[in-house]
*Asks:* 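Got a structure for you, written out below as structure tokens; questions coming shortly.
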Amino acid sequence: MSRRSRVEIVAFLHGLGDGPESWAHQVAALPPGFAGVPLDVLDDGGFGLASAAEDVVRALDRRGVERAHLCGLSLGAMIALQTALGHPDRVASLVLAAGQVRPPRLLMAAQLVVMRLLPERVVASGSASKAQMLAVLRAVADTDFSDALASVGVPTLVLCGSRDRANLPAARTLAAGILGAELRILEGAGHQANAQAPEAFSEALAAFLTTQG
């Protein structure tokens, strides 16, 4: 059986404040032979990147998926990277959009202070509560993938919007640190490039997936 004679799964991991529905365009635009499964990256408990990666694996298990292509945005990109590092046998390829390697410590500390002071109605975003947002920020603030990038052993596409200035340096670091990774800058897009430049994002994703033979 050739690799393209069966449907391959692309698991989509959204960013903080978004939900699985944010991937609607990309799911609909997948090339023949691929099916999209948008996952919810948050649960009702505490948050950690390692536990979130375990949740991804369990979600694949429930669907009977042995290996999946992972496409993540922002927080979702960090979870996708953590999944590839912790469970390399379950990941066929990575698409990391607006991801981080080692988030700026001072900026993260300032965000945590501000978020603790703000009321729930101001902080809560999309399906994420204030408690979830704080838990995510704490986990992200403690993350440092710098020494682990060379361990990634799957084909990787790094995407970033040209206007996402806060994440462009990290995108370049990811692409430089992961062997054979490709970097694509999506012109005119900001942080949420999948929604702000959906056609360009989907085209880059489709082109990458179809080269995985």
Side-chain angles (χ1 to χ4, degrees), residues 10-20 22-23 25-27 36-42 47-57 59-60 68-88 90-104 108 126 128 133 136-137 139-146 148-149 151-178 180-186 189-198 200-202 204-205 208-209:
V10 183
F12 291 94
L13 309 177
H14 62 82
L16 185 60
D18 292 328
S22 64
W23 294 108
H25 189 284
Q26 284 71 42
V27 171
V37 177
L39 303 178
D40 195 341
V41 304
L42 297 178
F47 180 87
L49 285 179
S51 60
E54 295 290 342
D55 287 343
V56 171
V57 171
L60 297 179
H69 305 271
L70 301 186
C71 177
L73 174 82
S74 192
L75 174 64
M78 297 179 75
I79 296 172
L81 179 54
Q82 182 65 52
T83 305
L85 291 169
H87 305 273
R90 307 302 299 273
V91 179
S93 72
L94 286 172
V95 178
L96 307 175
Q100 271 289 342
V101 177
R102 185 179 184 273
M108 297 303 299
M133 299 277 280
V136 169
L137 284 180
V140 168
D142 292 334
T143 298
D144 187 351
F145 287 121
S146 301
L149 297 182
S151 300
V152 177
V154 297
T156 301
L157 171 65
V158 179
L159 297 176
C160 193
S162 64
R163 298 175 62 186
D164 187 8
R165 294 181 177 84
N167 288 285
L168 280 169
R172 295 188 178 100
T173 300
L174 284 167
I178 297 174
E182 175 187 357
L183 174 63
R184 289 282 304 276
I185 305 300
L186 303 178
H191 185 62
Q192 294 171 305
N194 61 326
Q196 295 163 347
F201 192 111
S202 295
L205 173 61
F208 173 70
L209 291 173

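All figures in this text were calculated on a predicted structure; none of them were measured in a lab. In what follows, every heavy atom counts, from backbone to side chain, and hydrogens, waters and symmetry copies are set aside. Residue numbers count from 1 along this sequence.
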*Asks:* Rounded to the nearest 0.5 Å, how far apart are CG of L73 and CG of N167?
*Replies:* 9.0 Å
*Asks:* Over all heavy atoms of both residues, which pair between A77 and G99 is shortest? Give the atoms and the distance, please.
*Replies:* CB-CA, 3.8 Å
*Asks:* Would you indicate whether the side-chain heavy atoms of I79 and L49 approach each other to under 4.5 Å?
*Replies:* yes
*Asks:* Within the structure provided, determine whether I178 and L96 are in side-chain contact (heavy-atom separation under 4.5 Å).
*Replies:* yes
*Asks:* Using the test side chain to side chain donor-acceptor pair (under 3.5 Å), find all partners of Q82 that sit at least two apart in sequence or belong to another chain.
*Replies:* none
*Asks:* Considering non-hydrogen atoms only, spot the tightest contact between A84 and V91 and give its length.
*Replies:* CA-CG2, 3.8 Å
*Asks:* Looking at V27 and P38, what are the two nearest heavy atoms and their distance?
*Replies:* CG2-CG, 3.8 Å
*Asks:* Got T156 and V95 here, is their nearest side-chain heavy-atom distance under 4.5 Å?
*Replies:* no
*Asks:* Distance check, rounded to the nearest 0.5 Å: D55 atom CG versus L60 atom CG?
*Replies:* 11.0 Å
*Asks:* What I'd like to find out is whether the side chain of V10 reaches to under 4.5 Å of the side chain of L209, using heavy atoms alone.
*Replies:* yes
*Asks:* Rounded to the nearest 0.5 Å, how far does CE of M78 lie from OG1 of T143?
*Replies:* 4.0 Å
*Asks:* From T173 OG1 over to L149 CG, what is the distance, rounded to the nearest 0.5 angstrom?
*Replies:* 8.0 Å
*Asks:* Can you confirm whether F12 sits close enough to V37 that some side-chain heavy atom of one is under 4.5 Å from a side-chain heavy atom of the other?
*Replies:* no
*Asks:* Between the main-chain N or O of V41 and the side-chain N or O of H14, is there a donor-acceptor pair closer than 3.5 Å?
*Replies:* yes
*Asks:* State, to 0.1 Å, how close P198 and Q26 come at their nearest heavy-atom pair, and which atoms those are.
*Replies:* O-NE2, 3.5 Å
*Asks:* Of all the heavy-atom pairs spanning F208 and S93, show the shortest one and how long it is.
*Replies:* CE2-OG, 3.6 Å
*Asks:* Quick one: does L174's side chain get under 4.5 Å of F145's, heavy atoms only?
*Replies:* no
*Asks:* Does the side chain of L183 reach to within under 4.5 Å of the side chain of R172, using non-hydrogen atoms?
*Replies:* yes
*Asks:* Set out, in order, the CA-CA distance, both residues' side-chain angles and the distance that settles side-chain contact (heavy atoms from CB on, under 4.5 Å) for L16 and S74, then state yes or no.
*Replies:* CA-CA 7 Å; L16 185 60; S74 192; over 6 Å; no
*Asks:* Between S22 and N194, what is the shortest heavy-atom contact and its length?
*Replies:* O-ND2, 3.3 Å
*Asks:* Hey, could you give me the CD/CZ distance between Q196 and R163, rounded to the nearest 0.5 Å?
*Replies:* 7.5 Å
*Asks:* CG of L168 to NE2 of H191: how many Å apart, nearest 0.5 Å?
*Replies:* 11.5 Å
*Asks:* Which one of L157, T83, V158, V154 satisfies the side-chain contact (heavy atoms from CB on, under 4.5 Å) criterion with L94?
*Replies:* V154
